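Notes for the one structure printed next.
Hydrogens, waters and symmetry mates play no part in the numbers below; they use all other heavy atoms, side chains included. Model, not experiment: these values are computed from the prediction. Count residues from 1 along the sequence.
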Amino acid sequence: MIVDHIKNRELYYFLGEDFKTALEYFANYNENPQKDEDVYENGVLIRIRPTTTKKKQDCSFEAHKLYADIHFVAGGNEKIGYANVCELKEISYNEKEDSALLTGEGSDVLLKKGYFMITLPEDAHMPVIEYKRPERLIKLIAKIKVK
């Protein structure tokens with residue numbers, strides 16, 4: 001897992017062109033979306049998800065076996081739960097969506113506007129947790145194939 005501010009994005013270009021593409025897209029994003037949208041930027045899937053943060057008990061751990069995610073907060077604040085997948089119990093795995101649901105305990109990381117988190121296949125994450133109270137969140141997620 002990597003957490004940093006988008007202004008430091010160049011430090012992570014060594015991860016590859018797809019990571020660079022996503023981070024540059026995030027850095028230049030200034031929309032106020034009203035609905036979910038998927039866009040492709042130079043072949044990288046970026047999911048735009050305006051939503052409202054939720055209580056932790058209403059959220060779940062997820063992980064991916066083939067993809068890295070880059071979570072970016074374009075508006076609002078979000079806590080994301082984090083744990084290594086080996087510390088959790090896998091409940092189910094959807095091969096088509098490359099999405100595992102897991103249960104167990106982890107730590108929370110606060111992402112404020114302008115921050116991103118890179119999660120790799122060993123990084124389980126629980127997104128969209130409220131910070132101090134439920135609030136509008138403008139979230140972008142890039143999906144990058146790593147295996």
With distance as the sole test, does Asp69 use its side chain to make a donor-acceptor pair with the main-chain N or O of His71 at under 3.5 Å?
no

Considering only residues two or more places apart or on different chains, which pairs with a residue in residues 15-28 satisfy salt bridge (Lys or Arg N to Asp or Glu O under 4.0 Å)?
Arg9-Glu24

Report, as yes or no, whether the 6.0 Å neighbourhood of atom NZ on Lys143 holds more than 12 heavy atoms from other residues, nucleotides or ligands.
yes

Could you tell me whether Gln57 atom CD has more than 12 heavy atoms of other residues or ligands within 6.0 Å of it?
yes

If you apply the rule side chain to side chain contact (heavy atoms under 4.5 Å, CB included), what do you find for Ile6 with Phe72, and how did you get there?
CA-CA 8 Å; Ile6 197 66; Phe72 175 69; 3.8 Å; yes

Using the rule side-chain contact (heavy atoms from CB on, under 4.5 Å), only one of Val39, Ile70, Asn42 pairs with Tyr25; which is it?
Val39

With side chains defined as the heavy atoms from C-beta onward, is the minimum distance between Pro50 and Leu137 less than 4.5 Å?
no

Residues in side chain to side chain contact (heavy atoms under 4.5 Å, CB included) contact with Asp98, at least two apart in sequence or another chain:
His64, Lys65, Leu66, Tyr67, Tyr93

What pairs meet the salt bridge (Lys or Arg N to Asp or Glu O under 4.0 Å) rule with one or both residues in residues 52-63, with sequence neighbours excluded?
Lys55-Glu130, Lys56-Asp108

With a 4.5 Å heavy-atom cut-off, do Ile138 and Leu140 have their side chains touching?
yes

When clusters are formed by joining ILVMFWY residues with side-chain heavy atoms under 4.5 Å apart, either directly or through shared neighbours, do Ile118 and Phe14 land in the same one?
yes

Please examine the side chains of Asp4 and Phe116, heavy atoms only from C-beta on, and report whether any two atoms are closer than 4.5 Å.
yes

